[in-house]
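Both counts, for ligands and for their atoms, begin at 1 and track the order of listing.
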Amino acid sequence: MKKKVLLCLLSFCSLFAWAQRQETLLEKNWKFTKGDAPEAVQETFDDTQWETVTVPHDWAIYGPFDRSHDLQNVAVKQNFETQASVKTGRTGGLPYVGTGWYRTTFEVPAGKEASLVFDGAMSEARVYVNGKEAGFWPLGYNSFHIDVTPYIYTDGRKNTLAVRLENRPQSSRWYPGAGLYRNVRLVTTEKVHVPVWGTQLTTPHVEASYASVKLLTTVAHAGDKDIRIVTEILSPEGKVVAVKDNTRKINHGMPFEQNFLVDAPKLWSPETPFLYKAVSKIYVDNRQVDEYTTRFGIRSLEIVPDKGFFLNGKHRKFQGVCNHHDLGPLGAAVNVAALRRQLTMLKDMGCDAIRTAHNMPAPELVELCDEMGFMMMLEPFDEWDIAKCENGYHRFFGEWAEKDMVNMLRHYRNHPSVVMWSIGNEVPTQWKPEGYKVASFLQDICHREDPTRPVTCGMDQVSSVLGNGFAAMLDVPGFNYRAHRYVEAYNRLPQNIVLGSETSSTVSSRGVYKFPVRKRGDAKYEDHQSSGYDLEHCSWSNVPDEDFALADDYPWTIGQFVWTGFDYLGEPSPYDTDAWPSHSSLFGIIDLASLPKDRYYLYRSIWNRKSPTLHVLPHWNWQGREGENTPVFAYTSYPEAELFVNGKSYGKQRKLTREESQALQGKDSLWLQRRYRLMWMDVPYEPGELKVVAYDASGKAADEKVVRTVGKPHHIELVADRTELAADGKDLAYITVRIVDKDGNLCPMDNRLVHFSVKGAGTYRASANGDPTCLYLFHENRMPAFSGALTAIVQTKEEAGEICFEAKAKGVKGGKLTLRTVRE
Ligand code: GAL
């Protein structure tokens, strides 16, 4: 009986808490139209003819692809171009330019305040509530919130929300997506409440035996009333480990400060992503008016000149990647399962850091990085006051830069994953003698809003920034490429550390290999692909080995962010000038279909110190090239390996030391690669079997890999990344579709068209093959394989049950697979 009363009491309490603050995702029942519709502002407007969509929604990802969508006649100055030329596929060849409108309705209970939070809206968002303009936010990537209390009905009537978005031509250097591509939330509260992003939590002192936690809570409409805040700190296991109960007045709008001690804290790090919670109950006149939860981690950050970066007192170097925000075939529409899949792959590679290039991320990404353990460098801008794109952010910078910075900083400053802010990427302002003033203005905003994290900027104009004071005034000088100038930068700058804010930009296509095998800049081929031997780069960039060496050889380098973890829509360098149909990047370590390229294993062999790597390339199907030289590479964490071709040994290769490799400089163009890769450069092709046996440091055989010449394509093999999914209408399974011979070996030259069907508790969402020239639309249920493989993505419905996925193609036996969906 007692139990029952307690339960009732508990549920009454939670109902009460629910009633004070309610956060609702506005996901369903949106109406959408492409084109301008100013009359849609009116409450009485009839939108029944518009398309019904679910938000997040990217209006442009459904295509069609077309060369004419995003022609840009420009000289890309950062890429050393001096004359304008026609850039094709620069933003993905998708129809993102133009105007779009969204409409929906929402209700607010009597006596409540209401805010709308947009996690991002692409772009130039104008928000109307019940016929009145309630807000405008130009930058499509930033989260913003609007207090809509003055415009709403709380008498039971529905409120009408209309949003106009406009993407101008020539406004981006990559695919930005279009529309309400991130979540929209309605937050209702009491009059006295904690506003959106209203707390600031820091851990000023961290040591093994205890940590101090400082929480600043802003309270809106407190007036001169006594405010009581009771905050409990919950450990990662959910136990209360500290409590404060304070009552005081909010002086001059200053936040309400509370300090805590947490004994024997479980420190947050990429390897131990422990998360605490501060749960604050706010009372006025003895009545609880709000409950606000701040999730946080306890960790310390330090940068020591000449020594580098320390997390919780431990030295480490960033093993990071840059990523654009698009999710390949899903476009820009955010999806947690897709982000989790990306992070899972990166984690296995040994990656521990993400740079959100060159814009604010989706909040779901930052939350996942907190939970899964990735350090983040958040970056707001690709442009300041000087244009890179004719209609880029420079049009807004003067009026909006501070507002954009403040939103980013307040939104994300409580997240343990965020360890550094970047104020911009390769901004032309860095060239100007006065450019440092703009940098200092932005850096000061970071310091004001968040005194705990260092600030950097991705700089590429080394001569300018070393000479004009721009680099010297940053907390952390960050260089994009220009690996050969790091030592000079270190010697000339006062900070005595260097960050590789953007590195590598190696180009390759999954499963495609070009001969002869050479290290080359700007290599182009008729098929618009780049070689999978990972030796090709752009004129401004380099291959991974140079960055590995910088990390290994100089204590003052604090690590790197590789361009890029995943391929993205747009920027198909080196096929970006009048080179349609190329329309997606070749820079990714992982391709647009989320399939790893060979390079994945090169990074894994160096970065993942927990689980060994042995990967062999190329594939062994070179009919017509019998007897021709076909080099074999092994990416491995083992120091030594031996190659056998059809049983005949081609000798052992061992990773060279720094000194040994340097001794080869001038004699061997791949002298540096010999430190990080095992390469047999003279191997005449003969069909059959490649076998690489790896030896550990004591010389014992530790692992082996076999690559075979395959037989005829025989059937389709299906492998799902997960077989049990949430029946929430959002969860995704990524299914790798492989054309294989009768023994299950991948047929790496097979590009046949595959058709899909999905039945039961899921729907077909999209597919991709990673070929940057492929114009098949992602959402149609067919896609050609590329190098023998592709990925199909299935999305759950809101019902528990089975999903039957089937793939068929002419000339081979089809494949079937069953997935299960369960309610949480
Ligand atoms: C950098 C730039 C990136 C991307 C990359 C390609 O200079 O910051 O946005 O364009 O080059 O290599």
> Which protein residues have a heavy atom closer than 4.0 Å to any atom of ligand 1, listed by chain and number?
Replying inline: Arg173, His358, Asn425, Glu426, Asn480, Tyr481, Glu502, Ser505, Trp540, Trp563, Glu571, Phe587
> For residues Asp598 and Tyr513, is any side-chain donor paired with an opposing acceptor at under 3.5 Å?
Replying inline: yes
> Side chains of Asp450 and Trp421: donor-acceptor distance under 3.5 Å anywhere?
Replying inline: yes
> What pairs of residues pass the salt bridge (charged side-chain N to carboxylate O under 4.0 Å, His left out) test when at least one of them lies in residues 564-590, not counting sequence neighbours?
Replying inline: Arg67-Asp578, Arg173-Glu571, Asp567-Lys597
> Strictly by modelled atom types, are Arg604 and Thr613 linked by a side-chain donor-acceptor pair under 3.5 Å?
Replying inline: yes
>> If we check ring-ring contact (aromatic ring centres under 6.0 Å, His included) with Trp400, which of these qualifies: Phe381, Trp137, Phe144?
In response: Trp137
> Going by atom types only, do Asp404 and Tyr393 share a side-chain donor-acceptor pair under 3.5 Å?
Replying inline: yes
